[in-house]
Amino acid sequence: MSARRSVLVTDAGRGCAIAFLRSLGRKGWHVIAADSDARSAGFRSRFVAERFVYPAPQRSPRAFVESLHAFLSTRAVDLVIPVTDECIHPLARARARFEGLTRLAIAHDEALATVADKHATLDLAQRLGVPVPETRLVTTLAEARRAAGELAFPLVLKPAVSRLYHAAEDRIEAGHVTFARDLPELERRMQALVGRHEVLLQSYQEGVGVGVECLAHEGRILCAFQHRRLAEIPVSGGASAWRESVTLDPVLFEHAQKLIEALRWTGLVMVEFKLGAQPWLLEINGRVWGSLPLACLAGVDFPGELAELYCPSGAAYAPLDPSGATRAPLAPYKIGVRAYNFELMLYWIAQVLLGRARHPYLPYPGRERALAGLWGLLDPAQKSDLAGGVDFAPRVGEAARIVRKLAAKLVGARAAEAH
């Protein structure tokens, strides 16, 4: 009888991580849920065999790596699936230390560096003929002023690298996308970034966010899925709060295929586009994406396929069309399935109903969209990312976390009023 395969999944409280815990637990894996939060919602899943609490990598990436290495030195774990950038980049830097201990589900260094750097990603896309918004890379206020004269306002300001890992300083610096409606606002925004980040300036493009989600092996796509975003947090563009499965677009898939092949990517990857006057590449997400539970609900078992790729049990993948023609690979999936991140949806509905636009000069959803979102929470046909049938406990953990966060905000607001 073959030994039971074991897997450790980080960031276990996230919906996408819980999708891994459930999928692999159902397939008979020995599942270890790992998180920096001892009250992680994923720890409650019935499919979890062990729980491991590690130091928060946001506070000390070095302590996180040391703790995980020590844990893996005490037991046999076949596969580690790091979920967030904060876990991926320190582990990628230290991957040699884990050789012989486990397999890390992380793309090779060159590919990872390219997708982590948005400017490098756009350069690659341009070489391959994938459409990208007109972009300027700036590092100083003077360069930003000159670039603004060549672009149309409003402008999007994107740190070229959204997560800067400073290994020598044992810290990860997060960069965030922001916007500017005119030159004075651009100067204000840039002052906070100068000396810390290289910044991409782009003219804002209206449109719908779309993700082409893939699993690949050395640049060959093994399975694919596509969704469109129905709501994002922040409202101006950000994390997917509500989304729907759609038919795989052959044009977008061809663009994604070119990029993934050029990167010789192995693992999970999502190529993000905005569909407006034409499709524009936004970025390549080289980690487990937040909307992954939707793919699982629609019939694409990315968690199981990824684990099988790294630790095969003998199952073989069906090849793509040998002619190389662009077409949807492997099995079809359900179209029109909708899923939401419950916490983000609550924030999105509240923001839209209250009309609290952080950037009032950008397109903003009407209140009827918020009411449709509210109905979505009540519609049994639409599922929470944490919907899991008999595995209900993670949803209780999610609710408890939301209550704790709201309580902390209320306490903070009262303390501010008192002063």
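For reference, positions follow the sequence shown, starting with 1.
- Side-chain N or O atoms of Tyr333 include one that pairs as donor or acceptor with a backbone N or O of Gln226 at under 3.5 Å.
- At distances below 3.5 Å, not a single donor-acceptor pair connects side-chain atoms of Ser67 with backbone N or O atoms of Pro55.
- Residues Arg188 and Asp182 are not paired through a salt bridge, judged by the lack of any N-O separation under 4.0 Å between the basic side chain and the carboxylate.
- Judged purely by atom type and a 3.5 angstrom limit, Arg62 uses its side chain to pair as donor or acceptor with the backbone of Ala167.
- When all heavy atoms are compared, the tightest approach of Leu8 to Thr10 is CD2-CG2, 4.0 Å.
- The closest donor-acceptor contact from the side chain of Asp85 to the backbone of Arg163 lies at 3.5 Å or more, if one exists at all.
- With a 6.0 Å radius and a threshold of 12 heavy atoms from other residues, nucleotides or ligands, Arg358 has its CZ atom at or below the threshold.
- Listed by first and then second residue, the salt bridge (charged side-chain N to carboxylate O under 4.0 Å, His left out) pairs involving residues 102-115 are Arg95-Asp109 (not counting sequence neighbours).
- Remark: side-chain polar atoms of Ser245 are paired, donor with acceptor, to backbone N or O of Lys334 under 3.5 angstrom.
- Leu292 CG to Asp385 CG: the interatomic distance, rounded to the nearest 0.5 Å, is 9.0 Å.
- Relative to the ring axis of Phe71, Arg75 places its NZ or CZ within 45° and under 6.0 Å from the centre.
- Under a 3.5 Å cut-off, the side chain of Glu86 and the backbone N or O of Ile172 do not form any donor-acceptor pair.
- No side-chain donor-acceptor contact under 3.5 Å links Tyr340 to the backbone of Ser240.
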Candidate pair His30 and Glu50, rule side chain to side chain contact (heavy atoms under 4.5 Å, CB included), full reasoning: CA-CA 8 Å; His30 179 89; Glu50 286 186 70; 2.8 Å; yes
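- When all heavy atoms of Cys214 and Ala224 are compared, the closest pair comes out as SG-CB, 4.0 Å.
- Of the N and O atoms on the side chains of Gln202 and Thr135, at least one donor lies less than 3.5 Å from an acceptor on the other residue.
- Shown here is Glu261, whose CD atom has no more than 12 heavy atoms of other residues, nucleotides or ligands within 6.0 Å.
- Checking Glu244, Arg338, Glu213 one by one against His227, the side chain to side chain donor-acceptor pair (under 3.5 Å) holds for a single residue, Glu213.
- Between Thr266 and the options Leu215, Leu309, Leu306, a side chain to side chain contact (heavy atoms under 4.5 Å, CB included) holds for only Leu309.
- The CZ atom of Arg145 lies 4.5 Å from the CD atom of Glu187; values are rounded to the nearest 0.5 Å.
- The closest donor-acceptor contact from the side chain of Trp29 to the backbone of Ile32 lies at 3.5 Å or more, if one exists at all.
- When atom types are taken as modelled, the side chain of Asp11 and the backbone of Arg14 share no donor-acceptor pair closer than 3.5 angstrom.
- Residue-environment remark: CZ (Arg404) exceeds the threshold of 12 foreign heavy atoms within 6.0 Å.
- Contact check on Glu283 versus Lys158 returns no salt bridge, with no Lys/Arg side-chain nitrogen under 4.0 Å from an Asp/Glu carboxylate oxygen.
- By the neighbour-count criterion of 12 heavy atoms within 6.0 Å, atom CZ of Phe342 is sparsely surrounded, having that number or fewer from other residues, nucleotides or ligands.
- Paired with Leu24 under the rule side chain to side chain contact (heavy atoms under 4.5 Å, CB included), one option of Leu79, Asp301, Ile81 passes, and it is Ile81.
- No donor-acceptor contact under 3.5 angstrom links the side chains of Trp289 and Glu272, judged on distance only.
- Nearest heavy-atom pair across Pro279 and Leu252 is CB-CD2, 3.6 Å.
- Within the 4.5 Å cutoff, side-chain heavy atoms of Glu173 are placed close to those of Arg196.
- Within 6.0 Å of the CZ atom in Arg22, the count of heavy atoms belonging to other residues, nucleotides or ligands exceeds 12.
- The pair Arg5-Glu308 meets the salt-bridge criterion, since a charged nitrogen lies less than 4.0 angstrom from a carboxylate oxygen.
- Between the side chain of Arg369 and the backbone N or O of Leu230 there is at least one donor-acceptor pair closer than 3.5 Å.
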Residues Glu66, Arg97; criterion side chain to side chain contact (heavy atoms under 4.5 Å, CB included); working and verdict: CA-CA 10 Å; Glu66 293 295 338; Arg97 295 188 59 193; 2.8 Å; yes
